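For reference, the structure discussed in these notes is given below.
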There are 2 protein chains.
Amino acid sequence: MKRPTGKPAKGRQRRARRATSVDVARLAGVSQSAVSRCFTPGASISEKTRSKILAAAQRLDYAPNAIARTLISGRSRIVGVVLPNITNLFYPEVLHELSLRLQAAGLRVLLFNVPYGQQIDDVMPDVLQYQVDGIITSARCSAAVGADCRRRGVPIVFYNREFPELPGSSVKCNQVAGAARLADLLIDAGHRRIGLIAGPDNSPTAHDRERGFVQRLRARGVDLCARAGGDFLYDIARAAARSMLGQPRRPDALFCANDTMAFGAMDAARHDVGLAVPDDVSIVGFDDSGPSRWRGYDLTTVRQPLEAMTAAAVELLVQSFGQPGMPAARRLIDGELVVRSSARVAPPASD
Amino acid sequence: MKRPTGKPAKGRQRRARRATSVDVARLAGVSQSAVSRCFTPGASISEKTRSKILAAAQRLDYAPNAIARTLISGRSRIVGVVLPNITNLFYPEVLHELSLRLQAAGLRVLLFNVPYGQQIDDVMPDVLQYQVDGIITSARCSAAVGADCRRRGVPIVFYNREFPELPGSSVKCNQVAGAARLADLLIDAGHRRIGLIAGPDNSPTAHDRERGFVQRLRARGVDLCARAGGDFLYDIARAAARSMLGQPRRPDALFCANDTMAFGAMDAARHDVGLAVPDDVSIVGFDDSGPSRWRGYDLTTVRQPLEAMTAAAVELLVQSFGQPGMPAARRLIDGELVVRSSARVAPPASD
DNA sequence: ATGAAAGCGCTAACAT
DNA sequence: ATGTTAGCGCTTTCAT
């Protein structure tokens with residue numbers, strides 16, 4: 001089955017044939033392995049050979065084929081990033097940070113979107129087929145996935161999720177502590193009728209925030225006076241706030257489990273119910289997303305320290321490349337209370 | 001260099017050895033190529049063999065190695081997505097749409113971020129090394145990149161950018177027409193003192209919007225009464241609007257080249273200058289980003305039809321997989337005028 | 001420091 | 001329909 005000389009390698013090729021290391025070797029008058037070494041940092045090669053090879057490579061417009069390299073070396077330098085729903089105001093920033101840092105570490109981002117309602121399990125086979133060196137995920141995850149990764153030796157880092165029973169490190173913002181600080185802030189300001197607009201039932205993050213808030217309230221002898229679900233969405237939260245604040249004995253402070261809902265609540269207060277913020281009602285959120293700095297909202301909230309979280313995630317992942325059997329590390333990073341004007345900070349003067 | 005029998009393939013391996021098609025073939029008692037066919041849609045294989053193979057594959061937890069497949073077939077099913085700055089309120093949605101659609105088409109997204117100030121050229125070598133089947137990009141781009149792609153036979157689709165001189169298709173929202181509609185809307189409402197807050201100097205999109213707006217104004221006999229740069233950013237636009245609206249002969253309408261700047265301008269009008277929107281000043285933007293629907297802004301704007309644009313981009317790319325020499329297609333998609341309450345729509349009753 | 005050779009896991013031509 | 005075989009382009013021993 002020798003192919004007739006001169007014919008371009010098989011009939012298959014669909015793209016312009018790129019120069020290979022063999023071509024470069026031939027032109028430079030060296031062996032193919034020399035070319036390989038030339039493009040491998042730290043390989044032993046003389047300066048003379050190197051420059052000959054580089055010249056030939058340049059002439060042929062050669063660049064190493066990362067796919068072939070992956071196949072033989074078993075390392076792809078690709079990280080699978082699996083996110084639940086990029087549309088959420090929070091994830092774009094995460095992804096931005098993540099891709100910059102991974103790029104800086106010489107790693108590539110293979111992005112996977114888990115459509116609403118599905119979990120990571122559904123995309124996992126695809127991720128694994130591309131021989132990713134590691135995975136960073138913020139999606140829901142089952143034990144099967146953990147087992148998969150372990151079996152394959154693919155390290156996984158959970159971002160703002162935690163699965164103590166799964167092998168894999170995690171990085172989390174301390175939602176509980178952050179929410180507690182907001183509870184303190186409201187109570188210190190003299191609020192006693194405090195309502196809560198919660199996130200989706202299936203979001204651990206939302207749960208943590210609610211738990212942290214309510215626990216601290218209890219610890220200081222205050223009970224929630226109203227609660228509604230807002231699903232992390234503006235419209236739902238606005239409707240919830242509208243009806244909550246429309247009551248005769250309405251709350252005078254509102255904790256929303258994320259910023260987007262807080263914006264909805266503020267708009268409900270001002271435009272639907274006709275209350276002033278913070279004079280009639282204090283409103284606080286969680287995330288410190290872009291619009292919270294805007295003058296129209298100026299939201300008191302807790303900043304998730306994205307840079308630190310992302311740096312930690314990448315760091316943990318890169319570390320685990322070194323030692324395969326690395327024990328799972330858990331990093332809990334405190335959020336920063338950002339006090340703006342949407343909540344009063346002291347009890348009203350005359351009361 | 002025969003390796004001693006029984007020893008695990010070389011000393012190199014860093015991850016648990018995964019089952020290969022050879023293992024599956026052996027267990028199923030068929031040839032390795034049969035296994036390959038079994039996992040190739042449309043290949044001819046008997047039902048009996050297929051099920052034998054699938055059973056063996058399941059037992060061994062086998063999945064085809066996409067990297068090896070890429071190497072031999074020359075098709076990676078990976079699309080390089082190159083974006084300039086994901087933090088911009090617009091790109092997250094693009095990326096979301098794009099990744100969903102590409103996933104649905106059986107393609108993977110390899111994400112590249114072009115840090116501020118750089119152009120696509122700087123990341124291009126990396127993209128190409130991974131043998132992507134195609135590229136979708138929204139980053140600045142030079143002729144060299146176009147030449148690169150052409151030479152390599154890698155199709156490229158420009159998203160909201162256009163390079164007529166480069167080989168490659170493009171999908172664009174018709175910024176000029178959209179901006180013209182906003183100009184019409186303001187003039188029809190009786191505005192004659194119209195100001196503009198422009199985008200970054202290096203953004204073609206920003207230029208198109210400004211050009212479309214100003215041209216239509218001129219065509220109807222109106223000249224811009226003020227102009228400032230806002231760099232697509234909230235803070236800068238707010239400052240610009242503050243000084244513009246603080247003048248004695250201030251504009252009574254403002255076009256901001258994107259929504260984010262319009263939010264800044266609205267906040268400046270209301271909170272910095274004490275003007276009512278739209279009673280004292282009409283403000284319009286461009287993009288229809290999330291907060292424009294919020295009650296606090298309720299911004300009149302032009303919606304970039306992301307779904308249509310993204311669908312077109314993926315479609316063009318997939319088409320060009322079929323015919324390598326496909327002529328570049330240019331798709332210009334009209335945006336939709338979204339009339340909300342931030343701009344008045346008729347001349348004031350008594351004037 | 002360099003070269004020869006093996007082979008990563010797979011697809012696709014060819015032969016049966 | 002199935003098996004045989006030749007590589008895809010590279011990294012990595014091993015030998016020199």
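Proteins come first, then strands; the chains are lettered A, B, ... in the order of their sequence lines, and each starts at number 1. Everything quoted here is computed from the prediction, not taken from an experiment.
Across all strands shown, B/Thr49 has heavy atoms under 4.0 Å from sugar-phosphate atoms exclusively, and none from any base.
As rounded to whole Å, 11 Å separates atom P of D/dC10 from atom CD1 of A/Ile67. Rounded to whole Å, the distance from CG on B/Leu71 to P on C/dA12 is 12 Å. In this structure, the CD atom of B/Gln129 is 20 Å from the P atom of D/dC8, given to the nearest Å. Atom CD1 of A/Ile72 is separated from atom P of C/dC8 by 7 Å (rounded to the nearest Å). To the nearest angstrom, P of C/dT2 lies 10 Å from CZ of A/Arg50. For the pair B/Arg69 CZ and D/dG7 C1', the computed distance is 17 Å after rounding to whole Å. Taking atom CG of A/Asn65 as the reference point, atom C1' of C/dC8 lies 13 Å away to the nearest angstrom. Taking atom CD on A/Gln32 and atom P on D/dT13, their separation rounds to 15 Å, with Å as the unit.
Seen from the ring of A/Phe321, A/Arg75 counts as a face-on cation partner, given the 6.0 Å and 45° thresholds.
Note on A/Tyr62: a side-chain N or O is less than 4.0 Å away from OP1 or OP2 of D/dC10. Side-chain nitrogen and oxygen atoms of B/Thr20 include none within less than 4.0 Å of the OP1 or OP2 phosphate oxygen of C/dG9. A sub-4.0 Å separation between OP1 or OP2 of D/dC10 and a side-chain N or O of A/Ser21 is present. Listed pair B/Ser73 / C/dA12 fails the phosphate criterion, with no side-chain N or O lying under 4.0 Å from OP1 or OP2.
A/Ser33 and A/Ser36 are not linked by any side-chain donor-acceptor pair at a separation below 3.5 angstrom, with hydrogens and angles left out of the test. Between A/Ser138 and A/Asn160, the side chains place no donor N or O within less than 3.5 Å of an acceptor N or O (distance only, hydrogens not considered).
A heavy-atom distance below 4.0 Å to DNA chain C is reached by these residues of residues 33-45 of chain B, ordered by number: B/Ser33, B/Ser36, B/Arg37.
Taking the six-membered ring for Trp, A/Tyr130 and B/Tyr130 have ring centres at least 6.0 Å apart.
Checking B/Ala66 against A/Glu47, the closest nucleotide of DNA chain C that is more toward the 5' end is the one next to A/Glu47.
The CZ atom of B/Arg69 lies 13.0 Å from the CG atom of A/Leu71; values are rounded to the nearest 0.5 Å.
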